Q: 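Take this structure first; my questions come after.
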Amino acid sequence: FLQRGEWQEGLLFHSQYDHGAPDVYAVQLIVELAGEVDAADLRASGNALLARHASLRACFRFRKTGQPIQVIPGTTDLPWQEIDLSALPDAACEKEFWRLADDDRRKRFDLATPPLLRLTLARLGGERSRFVLTCHHILVDGWSMGLIAQELVALYARAGADAGLPPVTPYGEYLSWIG
């Protein structure tokens with residue numbers, strides 16, 4: 001088994017290898033939403049998620065020696081996009097949504113610039129929306145993506161406030177544990 005740092009170094013190497021090729025390590029979660037969605041609360045929830053989890057604010061840079069290092073800024077701005085496709089006919093709306101989602105997945109992350117995730121809310125018409133979370137696999141795996149989604153829902157239910165949620169284990173403690 002690779003320790004997290006070794007796994008991340010492998011992903012970092014592959015992302016640096018060919019900047020012109022598609023980044024196959026972009027991960028995307030798309031959630032269909034029914035009912036009225038409060039975009040401000042959803043955005044606040046994404047910001048709260050970043051504030052709570054240092055690892056989601058991570059970026060990766062290189063020392064002058066070429067050695068990669070992980071950098072965790074105290075804060076970072078959440079890349080957020082809200083698009084309204086509700087004026088389009090149903091078939092055109094679907095086609096345009098999937099084109100935009102695919103474009104977002106194909107847009108390479110600069111691993112030196114945090115955060116390595118972005119959020120999009122797409123309004124599809126009526127009370128239908130889709131939420132898109134796109135991130136780099138260097139931050140998450142399949143197991144943690146589900147936890148991130150659960151916490152984002154919990155934060156949204158609280159209008160972006162984390163009061164009442166369990167405290168997060170400090171990232172430094174996690175790194176000590178895996179070491």
Side-chain angles (χ1 to χ4, degrees), residues 4 8 25-59 70-88 90 93-107 109 111 113-178:
R4 183 169 174 90
Q8 287 177 313
Y25 295 108
V27 178
Q28 201 168 56
L29 173 70
I30 299 174
V31 178
E32 184 89 20
L33 304 171
E36 187 60 36
V37 177
D38 187 313
D41 284 354
L42 189 55
R43 187 175 189 177
S45 300
N47 278 309
L49 194 67
L50 281 178
R52 284 176 53 84
H53 297 282
S55 62
L56 296 179
R57 297 189 307 270
C59 66
Q70 183 181 50
V71 177
I72 309 284
T75 62
T76 188
D77 293 328
L78 174 71
W80 169 264
Q81 178 178 224
E82 189 173 347
I83 55 177
D84 187 353
L85 303 174
S86 62
L88 297 174
D90 288 347
C93 179
E94 282 297 308
K95 185 176 181 179
E96 182 63 5
F97 170 79
W98 291 110
R99 185 193 67 76
L100 291 169
D102 190 51
D103 285 352
D104 187 45
R105 185 184 49 76
R106 291 174 186 265
K107 182 179 171 189
F109 285 96
L111 298 189
T113 305
L116 304 178
L117 64 86
R118 49 187 177 257
L119 307 178
T120 300
L121 175 63
R123 304 227 185 242
L124 306 177
E127 291 194 347
R128 288 184 53 235
S129 299
R130 286 194 186 113
F131 172 74
V132 181
L133 185 152
T134 305
C135 62
H136 197 281
H137 186 41
I138 202 165
L139 293 184
V140 301
D141 56 18
W143 181 75
S144 58
M145 184 63 99
L147 296 174
I148 289 169
Q150 286 177 337
E151 187 163 319
L152 192 60
V153 168
L155 287 162
Y156 181 72
R158 294 167 172 79
D162 68 354
L165 291 179
V168 174
T169 301
Y171 191 52
E173 286 183 29
Y174 168 73
L175 292 176
S176 294
W177 175 74
I178 65 167

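As a basis for the values below, the full set of heavy atoms in this structure was taken, side chains included, without hydrogen atoms, waters or symmetry mates. Please read all numbers here as calculations on a predicted model, not as lab measurements.
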Q: Going by an N to O cut-off under 4.0 Å, is there a salt bridge joining D103 and R99?
A: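 Yes, D103 and R99 are salt-bridged.
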Q: Let's go through D141 and M145 carefully: what are the C-alpha distance in whole Å and the side-chain angles of both, what is the deciding distance for side-chain contact (heavy atoms from CB on, under 4.5 Å) to 0.1 Å, and is it a yes or a no?
A: CA-CA 6 Å; D141 56 18; M145 184 63 99; over 6 Å; no
Q: State which residue, out of T120, L121, N47, fulfils the side-chain contact (heavy atoms from CB on, under 4.5 Å) condition with W80.
A: L121
Q: What do the steps show when you test C135 against V27 for side-chain contact (heavy atoms from CB on, under 4.5 Å), and what is the final call?
A: CA-CA 5 Å; C135 62; V27 178; 4.2 Å; yes
Q: When rounded to the nearest 0.5 angstrom, what distance separates CD in E96 from CD1 in I83?
A: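 Reported to 0.5 Å precision, the distance equals 7.5 Å.
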Q: Report yes if the side chains of R123 and V37 come closer than 4.5 Å at any heavy-atom pair, otherwise no.
A: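 In contact.
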Q: Which atom pair, heavy atoms only, marks the closest approach of T134 to F109?
A: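 In this case the closest contact between T134 and F109 is O-CZ, 3.6 Å.
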Q: With sequence neighbours excluded, give me every salt bridge (charged side-chain N to carboxylate O under 4.0 Å, His left out) pair touching residues 142-155.
A: R52-E151
Q: Drop me the distance from R128's CZ to L85's CG, to the nearest 0.5 angstrom.
A: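 Spacing of CZ (R128) from CG (L85) equals 10.0 Å.
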Q: Look at the aromatic rings of H136 and Y25 and report parallel, tilted or perpendicular, splitting at 30° and 60°.
A: tilted
Q: Can you tell me how far apart CG (D77) and OG1 (T75) are? Round to the nearest 0.5 Å.
A: 7.0 Å
Q: Output the distance between atom CG (L29) and atom CG (L152), rounded to the nearest 0.5 Å.
A: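 It is 9.0 Å, given to the nearest 0.5 Å.
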Q: Would K107 and D104 pass as an ion pair if we require N to O under 4.0 Å?
A: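 Result for this pair is no, no salt bridge flagged.
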Q: Is any side-chain heavy atom of I148 less than 4.5 Å from a side-chain heavy atom of L117?
A: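 Counting from C-beta outward, I148 and L117 never come under 4.5 Å.
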Q: Could you walk me through whether L88 and K95 pass the side-chain contact (heavy atoms from CB on, under 4.5 Å) test, one step at a time?
A: CA-CA 10 Å; L88 297 174; K95 185 176 181 179; over 6 Å; no
Q: Please answer whether the main-chain N or O of P73 pairs with a side-chain N or O of R57 as donor and acceptor at a distance below 3.5 Å.
A: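 Here the side-chain-to-backbone pair exists.
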Q: For residues G160 and A48, report the shortest heavy-atom separation together with the two atoms involved.
A: O-CB, 3.2 Å
Q: Considering all heavy atoms of both residues, which atom of I72 and which atom of S55 are nearest to each other, and what is their separation?
A: CD1-CA, 4.4 Å
Q: Can you give me the closest heavy-atom contact between L139 and L56, atom names plus distance?
A: CD1-O, 4.0 Å
Q: Could you tell me whether the side chain of R43 and the main chain of L78 form a donor-acceptor pair under 3.5 Å?
A: no
Q: Could you tell me which non-hydrogen atom of G46 sits nearest to which non-hydrogen atom of L119, and how far apart they are?
A: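 Heavy-atom minimum between the residues: CA-CD1, 3.7 Å.
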Q: Looking at every non-hydrogen atom in both residues, tell me the closest pair between L124 and C93 and how far apart they are.
A: O-SG, 3.6 Å
Q: If I take atom OH from residue Y156 and atom CG from residue L33, how far apart are they, to the nearest 0.5 angstrom?
A: 8.0 Å
Q: Step by step, would you call L147 with Q150 a side-chain contact (heavy atoms from CB on, under 4.5 Å)?
A: CA-CA 5 Å; L147 296 174; Q150 286 177 337; 3.7 Å; yes
Q: Quick one: does any side-chain atom of Q28 pair with a main-chain N or O of A101 as donor and acceptor, under 3.5 Å?
A: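 Yes; at least one donor-acceptor contact below 3.5 Å.
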Q: Using a strict cut-off of less than 4.0 Å between a Lys/Arg side-chain nitrogen and an Asp/Glu carboxylate oxygen, indicate whether D162 and R158 qualify as a salt bridge.
A: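 R158 and D162: not salt-bridged.
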